[in-house]
Amino acid sequence: MSVRVRFAPSPTGYLHIGGARTALYNYLYAKACGGKLILRVEDTDLERSTKEYEQLQMQDLAWLGLEYDEGPEKPGEYGPYRQSERTDIHKKYAMQLVEQGKAYYCFCSDEELTAKKELAEKENRDPHYDGTCRNITLVEAQKRIEQGEKPLVRFKVPEKAYTLKDHVRGEVTFPKNMVGDFVMIRSNGMPVYNFCCVVDDYLMKISHVIRGEDHLNNTLRQLMIYEALEAPLPEFAHVSLLVGEDRQKLSKRHGATSVNMYKEDSYLPSAMVNYLTLLGWSHPEEKELFNLTELESVFALDRFSKSPAVFDLEKFRFINGQHLRELSDEKCVEAVSEILGSDSNYAAQSSEWRSEFISLFKEKVHFFSEYKGHLEDIFSTKYESSEALTEILGWESSPIILTYLKEQLASFDGEIVGSDQFSAWQDHVKKELKIKGKPLFMGMRGILTGKNHGSDLKRLIPLTPVSVLRDRLQNL
RNA sequence: GCUCCCAUCGUCUAGCCCGGUCUAGGACAUCGCCUUUUCACGGCGGUAACAGGGGUUCGAAUCCCCUUGGGAGUACCA
């Protein structure tokens with residue numbers, strides 16, 4: 001049987017990192033098996049779903065490199081791929097179940113239902129639907145519908161236990177009476193998640209359902225529907241959830257939870273893929289740094305961990321830095337251009353300058369956005385008043401170096417102090433002024449950059465315009 | 001409340017299914033040292049975990065039970 005998996009987001013917000021992770025696992029499994037990934041938009045909640053979010057989520061998926069084979073924008077044999085466009089199909093199957101006596105119309109009002117539920121809770125009974133409308137005959141029900149009543153459709157839950165075989169959880173048994181007769185079709189005619197999910201997975205020939213553990217309990221209902229529909233069961237894998245540091249479900253107060261935010265913070269998509277994969281899944285050879293393509297050949301459903309994983313920005317940062325270092329200088333130059341914009345000092349420099357700048361700071365930086373600070377440092381003429389710097393400038397050798405460098409800069413003719421020129425100055429200070437060791441190196445650094453640490457001066461000084469150097473020394 | 005799921009360093013995890021090779025391995029973070037006359041990168045090393053209690057067994061991180069803690073579901077949300 002050919003492998004067909006799906007990612008089924010609800011377009012009610014930005015793509016969540018948890019959602020991205022399940023999309024990723026589905027993608028990887030499809031690739032690993034030579035199967036297909038289907039994108040199905042679950043927009044039956046008309047109130048909250050929007051086309052904008054749908055678009056945005058698809059963009060984020062594309063940014064991560066998770067291409068799918070069939071979806072709203074990529075029609076295949078099993079469309080449409082938007083659930084809201086499939087209600088006729090859902091209704092058809094619902095009617096089938098009603099006719100077979102496996103589901104029934106329910107005319108109970110909202111008020112009645114909440115009253116019953118509250119009573120049940122008070123009496124410590126399960127707040128399940130009590131089955132009032134279970135025995136209304138189809139003929140009678142149709143008569144009431146003709147008279148204008150707007151019923152919903154409930155599934156008649158069989159009195160038995162169900163067992164689920166799950167790739168992550170193992171065998172999970174749901175005892176009988178765990179759920180009451182649940183709603184399949186709302187009174188407004190829209191089908192409910194648990195029902196259309198099954199109908200669509202069945203019709204779209206989904207072979208493996210890989211999704212978050214929050215759906216584990218739902219699976220019971222879905223098992224019942226598969227059975228009622230006499231549809232073959234897909235295989236299931238319920239992946240553990242992502243949580244915040246406090247072990248609570250990831251939410252806004254934990255910081256950025258949408259893929260979009262990381263994109264804007266200049267995180268690398270490859271790093272995001274790498275890190276997200278690692279949260280709840282482990283490489284057979286315990287590798288921790290990899291890219292999508294490498295994963296495609298080793299991904300398997302038997303290496304998931306069962307417990308929820310804390311999303312840790314610290315490790316994500318490390319991984320991002322590693323991926324950044326893998327990139328060519330050319331790619332980094334381009335990416336940084338986009339981030340810093342066309343009116344920055346960076347854009348104003350020559351392309352040689354830009355690649356030297358990128359290459360010089362590449363080992364220091366974890367994110368592209370961190371280049372901004374380094375850029376500002378190069379063009380800044382201010383002195384940081386730090387204790388360490390004050391100490392350096394306080395050495396008796398420092399004023400001598402300062403005077404010498406001032407003279408040199410005053411008579412210097414050119415835009416850029418090359419590394420040879422810089423070395424010549426350094427040699428002069430060493431040989432003629434007899435300053436060496438720490439006072440030499442730290443003195444030169446402190447005076448020329450206004451900082452007590454930074455990159456190699458031989459590379460940093462040639463990046464710094466002479467005018468900036470002159471101003472700095474003037475400001476001392 | 002009821003039902004389901006989960007439990008190894010601070011964090012992500014390997015090991016668990018198929019008990020001994022585990023004085024529990026790796027990674028991030030952290031600390032120290034080396035390297036770089038700074039910083040970073042890199043290298044080396046340290047601190048740090050089988051939730052608790054009962055079984056089963058010659059032997060348990062690994063199998064069973066209970067307790068505790070966490071999560072999810074119990075919707076005309078998905």
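Throughout, a chain's letter reflects where its sequence line sits, starting with A, and its residues are numbered from 1.
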Distance below 4.0 Å between A:Ser187 side-chain N/O and B:C76 OP1 or OP2: no
Residues A:His215 and A:Tyr193: side-chain donor-acceptor under 3.5 angstrom: yes
Atom C1', compared across B:G59 and B:C12: separation rounded to whole Å: 31 Å
Quiz item: A:Lys306 side-chain donor-acceptor pair to B:A7 base, under 3.5 Å: no
Sugar-phosphate, base or nothing in reach of A:Tyr193, heavy atoms under 4.0 Å: base
Short side-chain N/O contact from A:Arg247 to OP1 or OP2 of B:U11, under 4.0 Å: yes
Check: B:A78 base within 3.5 Å donor-acceptor of A:Asp214 side chain: no
Side-chain heavy atoms of A:Met204 within contact of A:Tyr81, under 4.5 Å: yes
Base of B:G25 paired with side chain of A:Glu286 (donor-acceptor, under 3.5 Å): yes
Same-atom distance (C1') from B:C44 to B:U62, integer angstrom: 33 Å
Candidates B:C4, B:A75, B:C5 - which lies nearest the side chain of A:Lys117: B:A75
Minimum-distance nucleotide (side-chain atoms of A:Ser305 versus B:C5, B:A14, B:G1): B:A14
Under 3.5 Å side-chain donor-acceptor pair for A:Glu227 and A:Tyr162: yes
Side-chain N or O of A:Gln426 closer than 4.0 Å to phosphate OP1/OP2 of B:U37: no
Any A:Ser240 side-chain N or O less than 4.0 Å from OP1/OP2 of B:C6: no
A:Arg48 with A:Asp45: basic N within carboxylate O range, under 4.0 Å: yes
Touch class at under 4.0 angstrom, heavy-atom based, for A:Arg445 against every strand present: base
A:Ser282-A:Arg303 side chain donor-acceptor pair, cut-off 3.5 Å: yes
Nearest listed nucleotide, side chain of A:Glu363, among B:C41, B:U38, B:U11: B:C41
Rounded distance in Å between the P positions of B:U67 and B:A29: 41 Å
hbond_proxy A:Gln248 side chain to B:G70 base (donor-acceptor, 3.5 Å cutoff): no
Any A:Arg303 side-chain N or O less than 4.0 Å from OP1/OP2 of B:G15: yes
Partner nucleotide of B:G45 by Watson-Crick or wobble geometry (both distances under 3.5 Å): B:C31
Pi-cation contact, A:Phe155 with A:Arg221 (under 6.0 Å, within 45°): no
Atom C1', compared across B:A14 and B:C76: separation rounded to whole Å: 46 Å
Separation of the P atoms in B:C6 and B:G10, to the nearest angstrom: 23 Å
Under-4.0 Å side-chain N/O to phosphate OP1/OP2 contact, A:Ser282 with B:A14: yes
Pair of N/O donor and acceptor under 3.5 Å linking B:A78 base with A:Asp45 side chain: no
